[in-house]
Structures are given as structure tokens and as C-alpha cells.
Amino acid sequence: MPILSLHSFSRAILHVDGDCFFASCEVAKNPALKGKCVVTGKERGIASSMSYEAKARGVTRAMRLSEIRKLIPEVIILPSDYETYSLYSQRMYAIVRRYTEAIEEYSIDECFADLTGMRRPNKMSYEQMAMKIKHELDMELGMTFSVGLSVNKVLAKAASKWRKPSGLTIIPGYNIHLYLAKLPVEKVWGIGSQTSAYIQKLLGEARGYSGAVTALQFASEQPEWVKLHFSKPFQEIHRELNGGFVYPLVIGEKNDYASISKTRTFTPPSSDREYVFAQLSKNIENACIKLRRHSLFTKRFAFFLKTQEFRYAGLEIKLSQAISAPQEIIRSVREKFSQVHRPGVLYRATGIVLMDLDHEDVRTADLFGDSNRIEKVQAVLQAVDSIDAKFGKHTVFLGSSWKAVNSQSHRGDRGEETERRAQLLRGETKRQRIGLPFLGKIDR
DNA sequence: TCTGGGGTCCTAGGACCC
DNA sequence: TCTGGGGTCCTAGGACCC
């Protein structure tokens, strides 16, 4: 099936992608870092983002920091600073919004914009808009962006990825096939390793293709054939590769969640029941902080333990009433914990997933005169949140998390004293921690 | 890449009901 | 109650993305 479109832009969809965004934000914030090997992710012990200088010297995503230090002794490793990144993110959205209100805030470093119909109001062509947006982003934010313009999201995404960093790629409808012919199918947004292996196998058998299958070869198959072999998401991708418009932009701020989860790996792995439970308890607390920040309540949640062999064991718990207090979750998890935890097994991580999230106003009224106590708990939690806001995250924590929180101060590859000195040099102060062991007493 | 953390959507299959 | 057919809801797990 030939890909042919008479129009250059049946729709004009723009995709904007910040180049190594976190590292670039750090450089924009502190220009003295310009031209240096900058890596973020210090608090995780692995690289989250790295400047192109660091990339050129062999740093890759998720590389261990100890390894990076060996590779580049003068490397600058910084902790992630999400407040700053989201500030730059907001400025990125604002610049694109000068040209259209139809913006999808896809992630902290990416957005889509629908420019369709904006040539007249903006008094310029789509190509000019893309150029001007890129220029303003680069100039005003002090970092570079890669920009793609095409007829839908899948192709706009392919376009922005085409040339990096600081690329501007425009794929009008009549040129789609030229790009897809040079694009390996696994590079298409939404086609991962499993599906590309499957496509490889199918097309190898049906068409006798050898070597890497291109996006064009997949796109050229008949829709009926695709329908026969693939699930809905891939039928949709197939249509977009052929220039169709399937995925509308999700306009506006992303605010609601279907689920909230917190997982943390701890080293070394442990079989100590109380310690593992404390890790889980800490995750539950953190998940609930996020829950409350968004004024949400949960009616269903699942906890799990991950063994040293990367096996998962977990349990789901359903509630009759939506809650947001960690103690209540911790209490019901404690009841079921021994059904999941096996003595002698080494665990490396714990996690909690909160589901069926509701907003406060949707919550059903409390009919059983429990409201007094619930209000008191709410008041305590509000106080906890404001203490955290003042003194830093997790200043206050539940007694059940003590073993986990306590172990944090022994972490790190440097001695405690050198770490403290380094913190003072960076102008940081050690957080004060206040345990509240009695917050967990709830009987219902 | 011996493997960090936070999300979303889709599908198949079972339970349950009429 | 042998049987049939259809609809809905829920759950587990897979796949993918940043």
C-alpha cells in the first residue's frame, strides 16, 4: 500500500523534546557548568541524565556513579532538583503556548502542540512556526531542544528524534515514506522490543525480509493483515505511520492519577522481617504524602516484596471506605504481611501501589459517627505535611518506618564525617528527624 | 545494561447474571 | 435442570513509555 498524501499537512502536530533535559537545566541554572561533564542522579547512585560532553566520554543512562567517576575523574555529579526542572518545563510549555492553546504536557521534558489552523492567526507557515518556537526555546531557556513537525503524534515524535541534539525535522505528508524507509521499526514510538521481534518474525516468514525490518515495511502492510496479527495499539500505530490521525492531544495540565506507587530497593538485601516491613512502611508513608498533595483518597491498594532473584510476591487489599492516612494502610498490611513474607528469603525491594483514587469531594459521607476521630487524624496529618514543607521531606515519619529511616544515615560510599563535611561545603544542613511512634495507634 | 522508579493502556479469562 | 447465548464486571499480567 503506497503512502501518499496530497497535502503537506492534513494536520500540523509539533513535538518538542528537551535535549538531556535535567543536565541542561543544571547548566542553564549555573552557566559555570557549561562545556563540562555534568551528570544528574546523585541520590540514586546511577546516572539519570548527562550532558553531551559526558555522553561523548562514554557515560550512558543508569550507569553507576562509581563507574562514571573512574571514567571521568573531573565529572560533576549533582542530585536531581525536580523543582528547577519543572520550572523550566513550565517555561517550555509557555513558549510553545504563544503559538497555540492546544498543548499536551506530555512529560517534564516533552510536549506536543497542535498547530492546525494557526497559520492565519500567527501569520506564518507551519514550518516557520516550528522554526520560531525552536529558536525562542533555545534562546530563552539557555539550552537546546529537538523539534519535529508532522501530521500526527507518532510521526512528530519520529521527526523530533531524527536529529539530536538541537534538531529540527519536518515531515510533510508527501515525504513520510522517505523517513520511514530509514527508520528501524523498533524505533517507532509504542513499538518495543517484544513487538518488534514479533514483526521481524512475521514479516520474515511472510515476505522473506532479512535483516532489520523498517517502519516503512511494517506500514506498507494492509490494515486487514495488521488487524489479524496485532492488538489495538499496534493497529493504531500502523494507521498513524500511514499518515492517519488517531491519537488526539490531551490538552491541559496533567493532574489526576489512576494510581500512585512507591518502590524502593535497599542494599544489601535483607531477610529481617521487621526491617523489610519498615521499608514497606516508609514507602506507604511516601505514597500517602503524594496522595494527600493531590487531595486524593484510595479504596484499594497492593503491596509487594521483591526477592533477590527478582521474583515478586504481593497482596491486594480492598477497603469499604476511601482513605488517605498511612497508618490505616500500614495496619492492614501488617495483618497480611506474614502471608507474603517468607522467613529466610532475601528481599531487595518493597513497594506499594494505591489504586481506585478518588477526590475528596467524591468521598461518601461518614454515616457511622466516626468523623470525629477521622478529623483528628486529618489534623495530625496536615501538621505533618506542614512540618515537612518547612524542614524538608520526611522530617516526620511513623514509628513503623523507624528501622528503614534510621538505616539511611549509614548509607553512602564515604565515611559519615567526610559526608557531613561535604554537605557543609555544599551549604546543606543535616535534616532533623522526629519520630512519632504513637501516630500509628488506630483501632477500628 | 544482571536490572532504578513511576506511570498508562490493553487483553484474556473467570465470575456472575439474565 | 440437561442445555444455550449474551452481557458486564473484575483481575492478572503483558507491553510500553519517560
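Note: hydrogens, waters and symmetry copies are ignored here, and every other heavy atom, side chains too, is used.
With dC16(C), dT11(B), dC18(C) as the choices, the nucleotide that has an atom nearest any side-chain atom of Ser107(A) turns out to be dC18(C). With distances taken from any side-chain atom of Pro233(A) to the nucleotides dC18(C), dG5(B), dC10(B), the minimum falls on dC10(B). Of the candidate nucleotides dG4(B), dC16(C), dT8(B), dT8(B) has the atom lying nearest to any side-chain atom of Ser259(A). You'll find that the side chain of Lys318(A) is closest to dC10(C), out of dC10(C), dG4(B), dC17(C). Comparing dG6(B), dG4(B), dT11(B) by their closest approach to the side chain of Lys262(A) singles out dG6(B). The nucleotide whose nearest atom lies closest to any side-chain atom of Gln194(A) is, among dC18(C), dG6(B), dC16(C), dC16(C). In the set dT3(B), dG5(B), dT11(B), the nucleotide with an atom closest to the side chain of Arg64(A) is dT3(B). Distance from the side chain of Lys232(A) is smallest to dC10(B) among dC16(C), dC10(B), dC17(C). Taking only side-chain atoms of Ala258(A), from C-beta outward, the nucleotide of dA15(C), dG5(B), dT8(B) with the closest atom is dT8(B).
Heavy atoms of Val353(A) sit nowhere under 4.0 angstrom from any nucleic acid atom. Across all strands, Ile191(A) comes closer than 4.0 Å only to sugar-phosphate atoms, never to a base (heavy-atom distances). Within 4.0 Å (heavy atoms only), Ser48(A) reaches no atom of the nucleic acid at all. Using a 4.0 Å heavy-atom distance criterion, Thr60(A) is classed as making no nucleic acid contact.
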Problem set entry | Candidate pair Lys157(A) and Glu110(A), rule salt bridge (charged side-chain N to carboxylate O under 4.0 Å, His left out), full reasoning | CA-CA 10 Å; Lys157(A) 196 99 161 85; Glu110(A) 289 177 42; 2.9 Å; yes

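The phosphate of dC18(C) has OP1 or OP2 within less than 4.0 Å of a side-chain N or O from Lys157(A). A close approach under 4.0 Å does not occur between any side-chain nitrogen or oxygen of Arg61(A) and OP1 or OP2 of dT1(B). Here Arg348(A) reaches the OP1 or OP2 of dG4(B): one of its side-chain N or O atoms lies under 4.0 Å away. Proximity of Thr265(A) to the phosphate of dG5(B): a side-chain N or O atom is located under 4.0 Å from OP1 or OP2. At least one side-chain nitrogen or oxygen of Thr263(A) sits closer than 4.0 Å to the OP1 or OP2 atom of dG6(B). The side chain of Thr195(A) places an N or O atom within less than 4.0 Å of a non-bridging phosphate oxygen (OP1 or OP2) of dC16(C).
Less than 6.0 angstrom separates the ring centroid of Tyr82(A) from the ring centroid of Tyr85(A). The ring of His229(A) has its center no closer than 6.0 angstrom to the ring center of Phe234(A).
Rounded to whole angstrom, the span from the CE atom of Met50(A) across to the P atom of dG4(B) amounts to 16 Å. The separation between Glu67(A) atom CD and dC2(B) atom C1' is 13 Å, rounded to whole Å. In this structure, OH of Tyr106(A) is placed 11 Å from P of dC9(B), rounded to the nearest angstrom. As rounded to whole Å, 17 Å separates atom C1' of dG6(B) from atom OH of Tyr85(A). In this structure, CG of Leu346(A) is placed 17 Å from C1' of dC2(B), rounded to the nearest angstrom. Between the CZ atom of Arg311(A) and the P atom of dC2(B) there is a distance of 20 Å, given to the nearest Å. Look at NZ on Lys153(A): it is 11 Å from P on dC9(B), rounded to the nearest Å. Separating the NZ atom of Lys161(A) from the C1' atom of dC17(C) is a distance of 10 Å, rounded to the nearest angstrom.
When atom types are taken as modelled, the side chain of Asn175(A) and the backbone of Leu178(A) share no donor-acceptor pair closer than 3.5 angstrom. Remark: side-chain polar atoms of Gln235(A) are paired, donor with acceptor, to backbone N or O of Phe230(A) under 3.5 angstrom.
Comparing Tyr257(A) and Glu309(A) along DNA chain B, the residue whose closest nucleotide (by nearest heavy atom) sits nearer the 5' end is Glu309(A).
The C1' atoms of dC17(B) and dG4(C) are separated by 15 Å, rounded to the nearest whole Å.
In this pair, Trp189(A) does not lay its aromatic ring on the base of dC17(C); centres under 5.5 Å and planes under 30 degrees do not both hold.
Pairing for dC16(B) goes to dG7(C), judged as Watson-Crick or G-U wobble with the two contacts each under 3.5 Å.
Closest approach of Leu249(A) to Ala102(A), counting heavy atoms only: CD2-O, 3.7 Å.
Under the 4.0 Å criterion applied to side-chain N and carboxylate O atoms, Lys42(A) and Glu26(A) are not assigned as salt-bridge partners.
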